[in-house]
Amino acid sequence: MRMGSSSGFALALAICLSATPARADEWDGSPPFSAPEIPVADTAIGPLPITVSKWNLVDIPAPAPSSALIDLTPATLAEPPEEATDAYGPTQPFSPGSRLDGSGHIPRAYAPYRGVFQQAGTIRTELAILFVYMGAQSIPKLFKKTAPFHFKDEGWFGKDTANIGMDKLTHAFNTYLIADILHARLHRNTQGSEGDAVTAGVLAAGVMALNEISDGIETDSGYSMQDIAMNLTGATLSVLRNTVPGLKDKFAFKIEIMPNERIYSHVGKKHYAQQRFLFALKGAGFEGLQRSPLRFLDLQIGYYATDFLNSDRAKGIEPKRHLFFGLGLNLGELLFGRSESRFGKAAYSVLDHVQLPYTSLRVDTRGDFGHW
């Protein structure tokens, strides 16, 4: 559209220039042909002030100002028409991509979906599936021995806690993962409306808080405020990652599950013992490394615990906490970093949350080196 308007303007300008005398400063005012006489009065256009017998423009006085003429001064043209507004701001249609912020969101004043409830209404199906999944985990507890609803102080990462903090990091990661999934759906369904990351974080933390109620009736557990705090931590990490420009490209919160004698334990302490949680600083997110092999590597810092099973404690083995540092292979960037297909993007997203076993080299604060 812009090129078409420019072409039309250029064409009109060329026509006007071709009709202008090439050397008007040497023209004496005499026409090259006899000019017709214009009568003094004409009933169609009204009286003219003089009779013009030849083309002498300097003799024609300036026309009298008319109130019917439109004043097209620059000041008038510079004032845009007022936008229609509603309670949320301008209602003018927004062209996607023309006014995105640094994180790829439409500013709230122009967003088609602005409130938390309005945005949440676009993922009713996803929320229903999530509630069904949470219910499937919680409802079986009602058929076991229960206790009146109660709170329990579970502690944090101390050696005297049940799982040495692994259950707390699980809460943080699960909320982070749910918030990221909901944000991906919200971002698509709301056309990238500002605030969708906060909405996703609130929904994820809310669902996890409701799910915690089932722990409050268990005889060996209870409603833990430490778990709620870790839920909020995971939700906050997701919000920051999806709103701070460039952070999603540079930072990831990942889980790694090491195989055990049963390959995988679904629940219980053995499940926690398989897990390693880590923060990754991704080389692919830094412009200076994007053309080098270093884009396939991540700097990692993480945590896991060992020797905290009931059988270990019965033998008198002291639980151990492990803080590690290392380099990890960014398989998502290696295999799907340039992919534009739906499958490739989905696989990249999965590998942005999961570190596959035996793809890192680490050193433990206990002095161990390798991969465990």
Side-chain angles (χ1 to χ4, degrees), residues 134 137-138 141 147 149-180 201-202 204-241 251-258 265-281 300-326 353-355 362-368 372:
M134 292 296 183
Q137 289 187 318
S138 301
K141 297 178 182 180
F149 181 82
H150 59 284
F151 291 85
K152 183 178 181 180
D153 183 0
E154 295 183 345
W156 295 98
F157 293 84
K159 292 183 179 181
D160 58 340
T161 60
N163 299 295
I164 322 299
M166 294 302 295
D167 56 328
K168 300 297 170 280
L169 287 174
T170 300
H171 272 270
F173 181 80
N174 287 347
T175 310
Y176 168 84
L177 179 61
I178 293 172
D180 267 8
V202 169
V207 169
M208 291 293 288
L210 290 174
N211 186 62
E212 184 72 15
I213 294 176
S214 64
D215 289 347
I217 62 173
E218 289 189 302
T219 56
D220 59 347
S221 185
Y223 198 92
S224 169
M225 296 309 298
Q226 288 89 350
D227 288 347
I228 297 300
M230 295 304 288
N231 293 343
L232 293 174
T233 300
T236 301
L237 286 175
S238 175
V239 172
L240 291 175
R241 189 169 180 261
F251 168 81
F253 181 23
K254 294 186 177 184
I255 186 175
E256 179 182 273
I257 300 178
M258 295 296 296
S265 299
H266 178 63
V267 294
K269 289 179 177 292
K270 288 189 176 182
H271 172 68
Y272 292 137
Q274 288 186 265
Q275 298 175 341
R276 284 93 174 97
F277 294 99
L278 58 98
F279 296 122
L281 191 64
Q300 299 176 347
I301 178 172
Y303 175 84
Y304 72 103
T306 58
D307 300 330
F308 60 91
L309 303 181
N310 292 337
S311 57
D312 298 325
R313 294 179 188 269
K315 297 175 183 177
I317 301 175
E318 182 183 6
K320 298 178 182 63
R321 296 171 294 190
H322 303 264
L323 186 67
F324 63 83
F325 307 87
H353 294 81
V354 177
Q355 184 74 30
R362 301 162 181 168
V363 59
D364 194 320
T365 51
R366 301 180 63 87
D368 298 327
W372 321 276

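Values in this document were obtained by computation on a predicted structure and should not be read as measured data. The basis for the numbers below is simple: all heavy atoms, side chains too, and nothing from hydrogens, waters or symmetry mates. Here, residue 1 is the first one in the sequence, and each next residue gets the next number.
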Please walk me through it: do Asn231 and Ile228 pass side chain to side chain contact (heavy atoms under 4.5 Å, CB included)? CA-CA 5 Å; Asn231 293 343; Ile228 297 300; 4.0 Å; yes
Rounded to the nearest 0.5 Å, how far does [atom2] of [Y] lie from [atom1] of [X]?
X	Y	atom1	atom2	answer
Phe325	Arg362	CZ	CZ	12.5 Å
Lys315	Leu309	NZ	CG	9.5 Å
Leu177	His353	CG	NE2	5.5 Å
Leu237	Phe173	CG	CZ	11.0 Å
Asp215	Asp227	CG	CG	7.0 Å
Thr175	Asp180	OG1	CG	11.0 Å

Hey, can you tell me if Phe151 and Tyr223 have their rings parallel, tilted or perpendicular (30° and 60° cut-offs)?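 Plane angle over 60°, so perpendicular.
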Over 60° means perpendicular and under 30° means parallel, so classify the ring planes of Phe277 and Phe253, tilted if in between.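 Because their plane-to-plane angle lies in the 30° to 60° range, the rings of Phe253 and Phe277 count as tilted.
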For residues Phe308 and Tyr272, establish whether the separation of their ring centroids is below 6.0 Å.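 Distance test on ring centres: not under 6.0 Å, no.
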What closest approach, in Å, do [X] and [Y] show between heavy atoms, and which atom pair accounts for it?
X	Y	result
Met208	Met134	SD-CE, 3.7 Å
Ala205	Leu232	CB-CD2, 4.0 Å
Lys159	Arg313	O-NH1, 3.5 Å
Ala229	Trp156	CB-CH2, 3.9 Å
Arg241	Tyr176	CD-OH, 3.2 Å
Leu323	Gly302	CD1-O, 3.1 Å

Lys269, Lys168, Glu154 screened by side-chain contact (heavy atoms from CB on, under 4.5 Å) with Asn163, the one that passes: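 With Asn163 as partner, side-chain contact (heavy atoms from CB on, under 4.5 Å) holds for just one option, Lys269.
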Answer yes or no: is there a donor N or O on one side and an acceptor on the other, between the side chain of His171 and the main chain of Met166, under 3.5 Å?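 A pair under 3.5 Å: no.
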Donor-acceptor pair, Gln355 side chain versus Ile255 backbone, under 3.5 Å?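 Answer holds: no.
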If you count every heavy atom of other residues, nucleotides or ligands that lies below 6.0 Å from Lys270 atom NZ, does the total exceed 12?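 Count not over threshold, so no.
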Taking side chain as C-beta onward, heavy atoms only, is Asn211 less than 4.5 Å from Ser138?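 In short, these two side chains touch, coming nearer than 4.5 Å.
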